[in-house]
Amino acid sequence: MSHHTETAIVLLAICALLVTTVFVGSRGREKSGGLGQVPPAAPEYARRITALRDEDYDLVLRSGAWVNGVSVTWPFASLLVSRNQIELRVQVLMPIRITRAEVTGLRRVRGPFSRGFGFRTASGRWDEVSFWPVGKAAKQLAELGWQ
């Protein structure tokens, strides 16, 4: 077997491995809502979600975010907070909303250079969502009842 043939076989094997990895990864993301998405809220929570105007929110935090495989840096994500619901807007994705009733607590997330947080839910619907704010976001959220 020539050197070129061996190189071609190795490259073909690497390509096959990459295609398999991407396919399996994307299939896994479908189970959790799809790349950059989350599963829909359960009906008892979905009924409580309302479309609010920007000025109806009590707090707007701008930063980076991770949404089920899609990562954006500051300032391409915004977390809009009211006492009853939160909306996460990521520049290239559809807005994601969650009601206060669905949230069981905040979870801290550590990255190599920063700290972020996510929201715990009984359904795990937001398990693949993290927000990386600047400043005292946890304190501001707690003041609005999000703990």
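Heavy atoms only: backbone and side chains are in, while hydrogens, waters and symmetry mates are out. The first residue of the sequence shown is numbered 1, and numbering continues consecutively from there.
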CA sep, side-chain torsions, deciding dist, call: Thr50, Arg48, side-chain contact (heavy atoms from CB on, under 4.5 Å): CA-CA 6 Å; Thr50 58; Arg48 298 178 187 188; over 6 Å; no
Would you mind reporting whether Leu12 and Ile14 have side-chain heavy atoms less than 4.5 Å apart? no
Check whether any side-chain heavy atom of Trp74 lies under 4.5 Å from a side-chain heavy atom of Pro133, and answer yes or no. no
Can you give me the closest heavy-atom contact between Arg83 and Gly145, atom names plus distance? NH1-N, 4.3 Å
Just by distance, do the side chain of Asn68 and the backbone of Val38 share a donor-acceptor pair under 3.5 Å? no
Among the clusters formed by ILVMFWY side chains lying less than 4.5 Å apart, do Ile98 and Tyr57 turn up in the same one? no
Pairwise distance OG1(Thr73) to CD(Gln91) - rounded to 0.5 angstrom: 10.0 Å
Take Leu141 and Val81 through the side-chain contact (heavy atoms from CB on, under 4.5 Å) test and state the conclusion after the steps. CA-CA 8 Å; Leu141 287 169; Val81 184; 3.6 Å; yes
Is any side-chain heavy atom of Glu6 closer than 4.5 Å to one of Ile9? no
Please test Phe119 against Val129 for side-chain contact (heavy atoms from CB on, under 4.5 Å), starting from the C-alpha separation and ending with a verdict. CA-CA 8 Å; Phe119 298 95; Val129 178; 5.9 Å; no
Close side-chain approach of Thr5 and Thr7, heavy atoms under 4.5 Å: no
Say whether, by atom type as modelled, one donor and one acceptor occur between the side chain of Arg62 and the main chain of Pro75 under 3.5 angstrom. yes
Do Thr99 and Asn84 have side chains that get closer than 4.5 Å, going by heavy atoms? no
Side chain Arg107, main chain Asp127, donor-acceptor under 3.5 Å: yes
Nearest 0.5 angstrom please: Leu59 CG to Leu61 CG, how far? 4.0 Å
Can you find a pair of side-chain heavy atoms, one from Arg125 and one from Tyr45, that are under 4.5 Å apart? no
Can you tell if the side chain of Val60 reaches within under 4.5 Å of the side chain of Asp54, non-hydrogen atoms only? no
For Trp126, does the six-membered ring have the charged nitrogen or CZ of Arg120 within the cation-pi criterion, i.e. under 6.0 angstrom from the centroid and within 45° of the normal? no
Pair Ile49, Gln85 - check side-chain contact (heavy atoms from CB on, under 4.5 Å), show working. CA-CA 7 Å; Ile49 295 173; Gln85 84 178 26; 3.9 Å; yes
Do you know the tightest heavy-atom contact between Gly64 and Phe131? O-CD1, 3.5 Å
Measure the spacing between CD of Glu87 and CZ of Arg89 and express it to the nearest 0.5 Å. 4.0 Å
Quick one: are Val70 and Leu93 in side-chain contact, heavy atoms under 4.5 Å? yes
Shared hydrophobic cluster for Val92 and Val67 (ILVMFWY, side-chain gaps under 4.5 Å): yes
Got a second to check how far Arg53's CZ is from Leu80's CG, nearest 0.5 Å? 13.5 Å
Is Trp146 reaching over with its side chain to a backbone N or O of Ser82, donor-acceptor style, under 3.5 angstrom? yes
Rounded to the nearest 0.5 Å, what separation is found between the CG atom of Leu79 and the CD atom of Gln140? 10.5 Å
On a heavy-atom basis, which atom in Ala122 and which in Thr104 lie closest, and how many Å separate them? N-CG2, 4.0 Å
